[in-house]
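See below for the structure under consideration.
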Amino acid sequence: MSRISDHLSIKNHHLTIGGVDAVSLAQEYGTPLYVIDEDRVRRNFRTFKGAFPDADIYYAAKANWNLAVLRILASEGAGADVFSDGELYAALLAGIPPDRILFNGNSKTIHELQMAIDVGVRVSMDSLHELYALSNLALESGKTMDVAFRVNPDVSSDTHPKIATGLATSKFGIGYADVVEAYNEAKKLPGVRPVGIHCHIGSQITDIAPFREAVEKMMDLAEQITRLGIDLEFVDLGGGLGIPYQKEMETPEPRDLAGAILPIFDERSKNLGISPKLILEPGRYIVGDASILLTGVNTIKRSARNFVGVDVGLNLLIRPAMYDAYHEVIVANKADLDGAETYDIVGPICESGDIVAKDRKLPLIEPGDVVAVLDVGAYGFSMSSQYNGRCRCAEVLVCDGRVDLIRRREDYGDLIAKQAVPARLL
Ligand SMILES: *Cc1c(COP(=O)(O)O)cnc(C)c1O
């Protein structure tokens with residue numbers, strides 16, 4: 001047996017995850033198949049929490065909101081950052097307590113704001129319109145809502161433009177120059193109580209400097225807000241810590257992040273004479289490397305390039321097409337064989353951009369082989385679709401040799417379940 005990481009190893013030529021043979025999983029449950037390793041999720045959470053023992057960790061549910069995953073994290077003491085009514089619904093169902101949930105979103109509906117009021121979660125507001133709407137709804141419901149503003153701190157990070165969220169031109173948050181006035185306004189309104197400040201500068205950030213810049217800017221604001229007479233109960237610095245999708249990549253760990261931001265946060269809080277709770281919202285770091293996606297090989301075509309046609313496409317993993325993302329791939333049933341040919345692994349979707357992995361030197365691939373795509377736990381299934389009339393695949397959870405089905409494969413009925421043909425067309 002040889003080890004690839006804590007949860008992945010090779011045994012009898014086969015890739016194993018969480019002590020389970022990936023090839024047997026593909027045979028038993030069929031491909032495509034998402035496989036999540038429970039211990040890895042727990043371990044990642046504990047590593048993050050361990051670096052920030054005094055902070056609250058609100059897992060960013062959008063990364064992967066399968067109920068089993070949320071349940072695991074609830075049992076670890078995680079809170080949740082939710083970005084929609086559906087994520088809020090799932091987080092509550094999984095047992096994450098409402099007082100550990102922050103409702104985010106840059107364009108929330110009245111229904112979503114009312115839901116936040118009804119279940120009693122704090123809201124991070126993204127505009128003054130939202131503040132007024134929430135104030136009115138809270139008054140009608142006879143409640144006072146604890147709120148924060150999502151701040152756009154205007155820091156740039158080195159990530160893909162589609163996941164940079166902290167630039168001045170980004171759609172997220174209140175512009176840096178307008179933040180203090182927004183708190184002033186919130187202070188005057190009934191039904192809302194400004195108690196926090198929130199930012200999130202982007203995702204897959206692999207350099208610590210932007211986080212340091214963000215905490216400096218957030219504490220500058222905290223100072224001004226405190227001067228307004230507002231008692232800041234929390235400072236939420238969001239998520240965004242990157243992971244090494246390419247094995248040779250060096251990425252900072254939670255302890256590096258903590259080393260950079262905690263001294264600033266602690267010292268400036270102390271100087272202001274305030275003691276807000278620090279909140280962090282990691283998503284990708286917690287679940288990203290805990291899952292693999294098994295895909296069956298349908299065809300090999302040798303033409304201008306060596307194309308391997310598999311049964312996973314951008315319907316089930318959109319990251320390569322959307323973010324030019326790189327994912328490591330392994331031929332699961334030939335996991336210890338040397339690379340023989342260079343392949344492009346392509347999906348079955350009718351889009352030329354439907355390429356899972358490009359230019360990969362892999363053992364000789366034949367139809368029927370099983371390819372494992374690694375590090376798909378974050379923004380994998382949660383961004384899936386039924387494009388091209390394809391059923392979404394199943395998901396299993398593995399834990400120390402045992403396997404549980406945590407989502408059944410969709411069938412044709414699921415594809416058309418909510419559709420209706422007008423009677424006149426029948
Ligand atoms: C997406 C998101 C996160 C999580 O980002 P990761 O890169 O997955 O850590 C945290 N907070 C907010 C507000 C988000 O939108």
Side-chain angles (χ1 to χ4, degrees), residues 41 44-45 47-49 51-52 55-65 69-70 73 78-84 86-88 91 96 100-108 112 121-127 130 147-153 155 157-167 170-174 196-208 210-211 214-215 218 234-245 251-254 256-257 261 278-291 319 322-323 325 375-383:
V41 174
N44 288 342
F45 182 83
T47 302
F48 205 101
K49 176 70 186 165
F52 294 94
D56 279 345
I57 311 300
Y58 285 12
Y59 166 64
K62 73 178 189 291
N64 187 330
W65 49 272
V69 171
L70 293 175
L73 291 166
D81 143 39
V82 300
F83 219 83
S84 70
E87 285 177 12
L88 176 56
I96 297 180
R100 256 184 269 154
I101 293 178
L102 185 67
F103 198 148
N104 291 308
N106 67 296
S107 179
K108 301 183 198 76
E112 287 176 316
V121 295
R122 283 162 296 162
V123 181
S124 178
M125 288 173 309
D126 202 279
S127 69
E130 193 173 290
V147 299
F149 281 104
R150 165 85 177 255
V151 171
N152 183 332
V155 298
S157 49
D158 60 351
T159 193
H160 190 279
K162 282 186 187 151
I163 40 178
T165 56
L167 294 168
S170 153
K171 73 169 182 175
F172 298 103
I174 307 272
I197 183 166
H198 175 218
C199 74
H200 167 68
I201 58 172
S203 200
Q204 185 54 18
I205 299 170
T206 53
D207 170 16
I208 287 295
F211 291 109
V215 69
M218 291 292 279
F234 70 89
V235 173
D236 182 338
L237 296 175
L241 190 62
I243 62 170
Y245 284 102
T251 55
E253 282 292 313
D256 303 315
L257 183 63
I261 65 178
L278 178 65
I279 297 176
L280 294 153
E281 304 174 329
R284 190 187 309 271
Y285 184 87
I286 307 297
V287 289
D289 71 2
S291 180
R319 299 192 65 260
M322 185 141 160
Y323 309 119
D375 306 318
V376 295
Y379 312 106
F381 196 102
S382 70
M383 294 180 93

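Quick note: residue numbers are just sequence positions, from 1. If you're wondering where the values come from, they're calculated on a predicted model, not measured in any experiment. Both counts, for ligands and for their atoms, begin at 1 and track the order of listing.
Checked by distance only, ligand 1 and G240 come closer than 3.5 Å through their nitrogen or oxygen atoms. Polar contact check, N104 against ligand 1: no nitrogen or oxygen pair lies under 3.5 Å apart. An N or O contact shorter than 3.5 Å is missing between H198 and ligand 1 by distance. The shortest N or O to N or O distance between G202 and ligand 1 is not under 3.5 Å. In terms of N/O distances under 3.5 Å, ligand 1 is not approached by R150.
A salt bridge does not link E87 with K62: none of the charged nitrogens is closer than 4.0 Å to a carboxylate oxygen.
Those atoms of ligand 1 that come under 4.0 Å of a heavy atom in Y379, given as number and element, are 1 (C), 4 (C), 5 (O), 6 (P), 8 (O). With ligand atoms numbered from 1 in the order given, ligand 1 contributes 9 (O) to contacts under 4.0 Å with heavy atoms of P282. With ligand atoms numbered from 1 in the order given, ligand 1 contributes 4 (C), 6 (P), 8 (O), 9 (O) to contacts under 4.0 Å with heavy atoms of G283. Annotation for ligand 1: atoms under 4.0 Å from non-hydrogen atoms of E281 are 3 (C), 4 (C), 9 (O), 10 (C), 11 (N), 12 (C), 13 (C). Near A60, meaning under 4.0 Å from one of its heavy atoms, ligand 1 places the atoms 3 (C), 4 (C), 10 (C).
Nearest protein neighbour of atom 14 (C) of ligand 1, counting heavy atoms only, is K62 NZ, 2.8 Å. From the protein, the heavy atom lying nearest to atom 7 (O) of ligand 1 is S203 OG, 2.3 Å. The shortest contact between atom 12 (C) of ligand 1 and any protein heavy atom is with D81 OD2, 3.2 Å.
If you take CD1 on I261 and CG on L280, they are separated by 5.0 Å, rounding to the nearest 0.5 Å.
Ligand 1 has no atom lying under 4.0 Å from any heavy atom of Y285.
A distance-only check finds a donor-acceptor pair linking the side chain of K49 to the backbone of A55 [under 3.5 Å]. Using modelled atom types, no side-chain atom of T251 and backbone atom of I243 make a donor-acceptor pair closer than 3.5 Å. Between the N44 side chain and the I286 main chain, a donor and an acceptor come within less than 3.5 Å of each other. A donor-acceptor pair under 3.5 Å is absent between the side-chain atoms of Y379 and the main chain of G288, judged by distance alone.
The closest side-chain donor-acceptor pair between H198 and N104 falls under 3.5 angstrom.
Taking each of R284, Q204, H200 in turn, the one with a heavy atom nearest to atom 5 (O) of ligand 1 proves to be H200.
Within the cation-pi definition used here (under 6.0 Å to the ring centroid, within 45° of the axis), R284 does not qualify as a partner of Y245.
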Candidate pair L237 and I279, rule side chain to side chain contact (heavy atoms under 4.5 Å, CB included), full reasoning | CA-CA 6 Å; L237 296 175; I279 297 176; over 6 Å; no

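With a heavy-atom cut-off of 4.0 Å, A63 does not touch ligand 1 at all.
Contact of the Q204 side chain with the Y323 side chain is not registered, since no non-hydrogen atoms from C-beta on lie closer than 4.5 Å.
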